[in-house]
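Reviewing the structure listed below.
First listed ligand is number 1; within each ligand, the first listed atom is number 1.
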Amino acid sequence: MRIGKGKAIGKIILMGEHAVVYGEPAIAIPFPSTRITTTIEETVGEVKLNCYCYKGLLKNAPDKLLGLKTVIEKILEEFNRPLKNFNIDIKSTIPPERGMGSSAAVAIATTRALFNYFEKYLSLEELEKYSSISEKIVHGNPSGLDAAIIMEEESLYYIKGESFEPFHINLDGYLLVADTGEKGGTKEAVSDVKKILDRHSGKILLINQLGEFTKQAKEYLENNQPIELGQLMTKAHEILDQLTVSNPTLNKLVKVSLENNSLGAKLTGGGRGGAMISLCPTREAAENISKKLLENGAKNTWIAYLGDEFNES
Ligand code: MEV
C-alpha cells in the first residue's frame, strides 16, 4: 500500500504578536515538544479525513477545516490528479486554537505528506504558498510569522515581507508554556486590534512600543539577560491587555506566575484564551510555577530550557 508522510512542529511567540501584523518585528521559537504528523494512505473511493475534530468524508468537513480542505484541493488540482483514492490521517499534540501554531502546522504537515505521497519535490516557496492559502482563510490577515517559524524550525526574528532572520538564543532560563484550556480567538483579536487602531490613531504607539520591546528582547536573548527579558515580557503583556488581546484567564495565570518568582510572564500568540508563557530562573522554579498554574486552572504545561540546546519536558 502506498503511504506518504509529513511532519510539522508547534511554535511559541516570545515577543511581538499582533504588532507583527503592522510591520513591527516579532520573535518566535520552534516548540518541538508539540507536533503534527499527517499520513496519506492509498485506498479506493472518496477521500476521508481523520483528525482531532472531524472524522468523515473530506467534502463534508466542517467550516473550521476550510483552510486545510482548500489546501488539499489546490495541491491535487496542481498535480492534475482526481481528489480520490486516498485517506488522510492527522495526529497532533499541538493543542488546537491555542496560538501555538496548530493551523499553520496542520497545513504544512499535510502539504509535505501529499508531496511525499505523490513523489513530488516540494520547494520552500511552494510550502509557503500553500500554508499562506490556509492561514488567510483561518486568520484573515496573517503576518506569515506562524508559517515561517514552523517551516524554518529555527528561532526567528521576523518582519512581515522581509527575509527571515534566524538567530541564536543563549539564555540561561526556562520557558514555561501553559495552556489555558480555552480556545483562543486570533481572528477576532486581530480584527479588533485593527478596529482600535482605526478609531484611535494614537494607539499605534502601543504597537510601536511592542516593536521596540522585540528589538530589546533579541539582545537580551543573545546576551543571556533573563531578568531584563522577563521584565519586558510582563510589560508586553500589559500592552497586549490594553489592546484587548488578553482575557481574565490569561491575566490570572500571568499574575499567579509573577507571585511565584517568575521573571516575567505574558500571553503568547493570538490571545483571548490560548496559551501563556512564563520565564523562570531555574528548572525547580519552573516546576513550582507549573504546579501553581495547574492548580489555578491551566490545563497543560511544558518546560523548555532556553540555553544552547532547547530541551523540553
Ligand atoms: C498569531 O499566532 C500571531 C498574530 O500576531 C497574528 C499573525 O501574526 O498573523 C496574532
Any donor-acceptor N or O pair under 3.5 Å, side chains Tyr22, Asn208: no

Per-atom contacts, ligand 1 versus Ile13 - under 4.0 Å to a heavy atom: 2 (O), 3 (C)

Ser143 neighbourhood, listing ligand 1 atoms whose heavy-atom distance to it stays under 4.0 Å: 7 (C), 8 (O), 9 (O)

Between Lys5 and Thr39: side-chain donor-acceptor atoms closer than 3.5 Å: yes

Spacing of Lys187 atom NZ and Asn141 atom CG [to the nearest 0.5 Å]: 11.0 Å

Contact with ligand 1 for His139, non-hydrogen, under 4.0 angstrom: no

Which of the ligand 1 atoms, numbered from 1, are nearer than 4.0 Å to a heavy atom of Asp146: 1 (C), 2 (O)

Numbering as shown, the atoms of ligand 1 that approach His18 to under 4.0 Å (heavy-atom distance): 4 (C), 5 (O), 10 (C)

Structural part of Lys11 in contact with ligand 1, heavy atom criterion under 4.0 angstrom: side chain

Distance-only polar pair, side chains of Asn50 and Asp89, donor-acceptor under 3.5 Å: yes

Nearest-0.5 Å distance, CG of residue Leu243 to CG of residue Leu197: 6.5 Å

Under 4.0 Å to a heavy atom of Val20 - the qualifying atoms of ligand 1, by number: 5 (O), 8 (O)

Close-contact set for ligand 1 against Pro142 heavy atoms, below 4.0 Å: 9 (O)

Any side-chain donor near an acceptor of the partner, Glu284 and Tyr174, under 3.5 Å: no

For Glu17, atoms of ligand 1 separated by under 4.0 Å from a heavy atom: 5 (O)

Non-hydrogen atom of Lys160 closer than 4.0 Å to ligand 1: no

Residues that Asn247 engages under side chain to side chain donor-acceptor pair (under 3.5 Å), provided they are two or more places apart: Glu182

